[in-house]
Engineer: 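Got a structure for you, written out below as structure tokens; questions coming shortly.
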Amino acid sequence: MIRVFIADDHDIVRTGLTRLLAEIPEMDVCGEAASATELLEKLESARPDVVVLDVNMPGHTGPKLVKQLLSYPCAPKVIMFSMYEEDSHAVAFLRAGASSYLSKKRSSKELIEAIRKVFQGERYLSEMLEKMLFDRGIDIEKSLVDELTQRELQVVRNLTEGLRSVDIAEKMGLSASTVNTYVQRIKDKLGFKSLLEIIRFAKENDLSDS
């Protein structure tokens with residue numbers, strides 16, 4: 001029996017998933033939560049094999065919640081279940097240890113397949129997400145630092161100094177548009193959405209020149 005925990009702040013989603021999984025003989029919904037706090041409080045007693053987790057949970061959002069779940073002694077597999085498409089937004093969650101990232105637009109059949117696969121210790125990626133990772137040359141098995149080229153690391157270091165794209169371009173002998181392309185590529189590879197996340201990452205990994 002696969003014990004599945006559903007964590008989503010929308011009651012209609014939890015109810016729908018519970019009814020769906022009740023029809024699958026080898027699956028049992030062992031708990032529900034409408035917030036990250038409730039999820040963490042119930043996790044130890046529920047002892048799920050798989051957590052189907054909404055990306056935006058009240059109380060604690062983002063990849064940090066995935067890492068926290070995986071730090072438990074009997075860590076569950078985590079499937080991110082999101083209203084967002086399976087694009088670079090998924091990268092940070094996969095790097096944090098999530099076994100799958102699925103859009104809520106996906107079929108119920110695909111979610112069930114994902115639950116089965118991750119329970120068996122495999123990663124489940126949609127064809128769309130696999131293609132995106134391949135097209136952008138993203139290897140989620142690599143460390144974040146190793147994922148960046150030397151040029152990209154230079155851009156990151158300059159960003160930590162508070163330089164604008166035009167300043168970085170002048171310093172590196174590039175055009176501003178090329179620097180902006182590097183910045184977007186860095187965001188895609190690391191799964192970040194903002195410059196602030198890049199700068200925080202650089203400081204946490206001692207990538208700044210200072």
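Sequential numbering from 1 along the given sequence is applied to the chain's residues.
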Engineer: Do you see a donor-acceptor pair shorter than 3.5 Å between the side chains of N180 and Q184?
Structural biologist: no
Engineer: Heavy-atom distance under 4.5 Å between the side chains of E152 and T149, does that happen here?
Structural biologist: yes
Engineer: Let me confirm one number: the OG1-CG distance from T160 to L195, rounded to the nearest 0.5 Å.
Structural biologist: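 Going from the OG1 atom of T160 to the CG atom of L195 covers 11.5 Å.
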Engineer: Flag the pair S103 / S82 as yes when at least one side-chain heavy-atom distance between them is below 4.5 Å, and no otherwise.
Structural biologist: no
Engineer: To the nearest 0.5 Å, tell me how far E141 CD sits from E147 CD.
Structural biologist: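 That separation rounds to 10.5 Å.
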Engineer: Evaluate whether atom CD of E44 has more than 12 neighbouring non-hydrogen atoms of other residues, nucleotides or ligands under 6.0 angstrom away.
Structural biologist: no
Engineer: Check whether V166 and L163 end up in the same hydrophobic cluster, where Ile, Leu, Val, Met, Phe, Trp and Tyr are linked by side-chain heavy atoms less than 4.5 Å apart.
Structural biologist: no
Engineer: Within the 4.5 Å heavy-atom criterion, are M172 and R151 side-chain neighbours or not?
Structural biologist: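 When only atoms from C-beta onward are counted, R151 and M172 do touch, with a gap below 4.5 Å.
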Engineer: Does R164 CZ have over 12 foreign heavy atoms under 6.0 Å away?
Structural biologist: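 Counting other residues, nucleotides and ligands, CZ of R164 stays at 12 neighbours or fewer.
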Engineer: Begin from the C-alpha positions of E197 and K187 and carry the test salt bridge (charged side-chain N to carboxylate O under 4.0 Å, His left out) through to its verdict.
Structural biologist: CA-CA 9 Å; E197 288 177 289; K187 288 179 181 178; over 6 Å; no
Engineer: Is there a side-chain contact between D54 and K104, using heavy atoms and a 4.5 Å cut-off?
Structural biologist: yes
Engineer: Measuring from S108:OG to E113:CD, what's the distance to the nearest 0.5 Å?
Structural biologist: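 One gets 11.5 Å once the value is rounded to the nearest 0.5 Å.
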Engineer: Would you mind reporting whether R185 and K189 have side-chain heavy atoms less than 4.5 Å apart?
Structural biologist: yes
Engineer: So how far is it from I186 CD1 to F192 CZ, rounded to the nearest 0.5 Å?
Structural biologist: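 Result: 10.5 Å between the selected atoms.
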Engineer: Return yes when atom CD of E130 has more than 12 non-hydrogen atoms of other residues, nucleotides or ligands closer than 6.0 Å, and no otherwise.
Structural biologist: yes
Engineer: With no hydrogens and no angle check, do the side chains of T18 and T15 hold a donor and an acceptor under 3.5 Å apart?
Structural biologist: no
Engineer: Start with the C-alpha gap between L43 and V51, add the side-chain angles, then the distance that decides, and say whether side-chain contact (heavy atoms from CB on, under 4.5 Å) holds.
Structural biologist: CA-CA 9 Å; L43 191 68; V51 174; 4.2 Å; yes
Engineer: Measure the spacing between NZ of K77 and OG of S99 and express it to the nearest 0.5 Å.
Structural biologist: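 Spacing of NZ (K77) from OG (S99) equals 5.0 Å.
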Engineer: Quick one: are D9 and S35 in side-chain contact, heavy atoms under 4.5 Å?
Structural biologist: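 No, too far: nothing below the 4.5 Å cut-off.
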Engineer: Tell me whether K131 at atom NZ has more than 12 heavy atoms from other residues, nucleotides or ligands lying less than 6.0 Å away.
Structural biologist: no
Engineer: Rounded to the nearest 0.5 Å, how far apart are CE of M132 and CG of D135?
Structural biologist: 9.0 Å
Engineer: Cluster partners of I12, using ILVMFWY side-chain heavy atoms under 4.5 angstrom, listed by chain and number?
Structural biologist: I2, V4, I6, V13, L17, L20, L21, I24, M27, V29, V50, V52, I79, F81, L102, L111, I112, I115, V118, F119, Y124
Engineer: For residues E161 and D167, determine if any side-chain heavy atom of one lies less than 4.5 Å from a side-chain heavy atom of the other.
Structural biologist: no
Engineer: Any chain of hydrophobic side-chain contacts (each under 4.5 Å) joining F93 to M128?
Structural biologist: no
Engineer: Can you confirm whether I138 sits close enough to R95 that some side-chain heavy atom of one is under 4.5 Å from a side-chain heavy atom of the other?
Structural biologist: yes
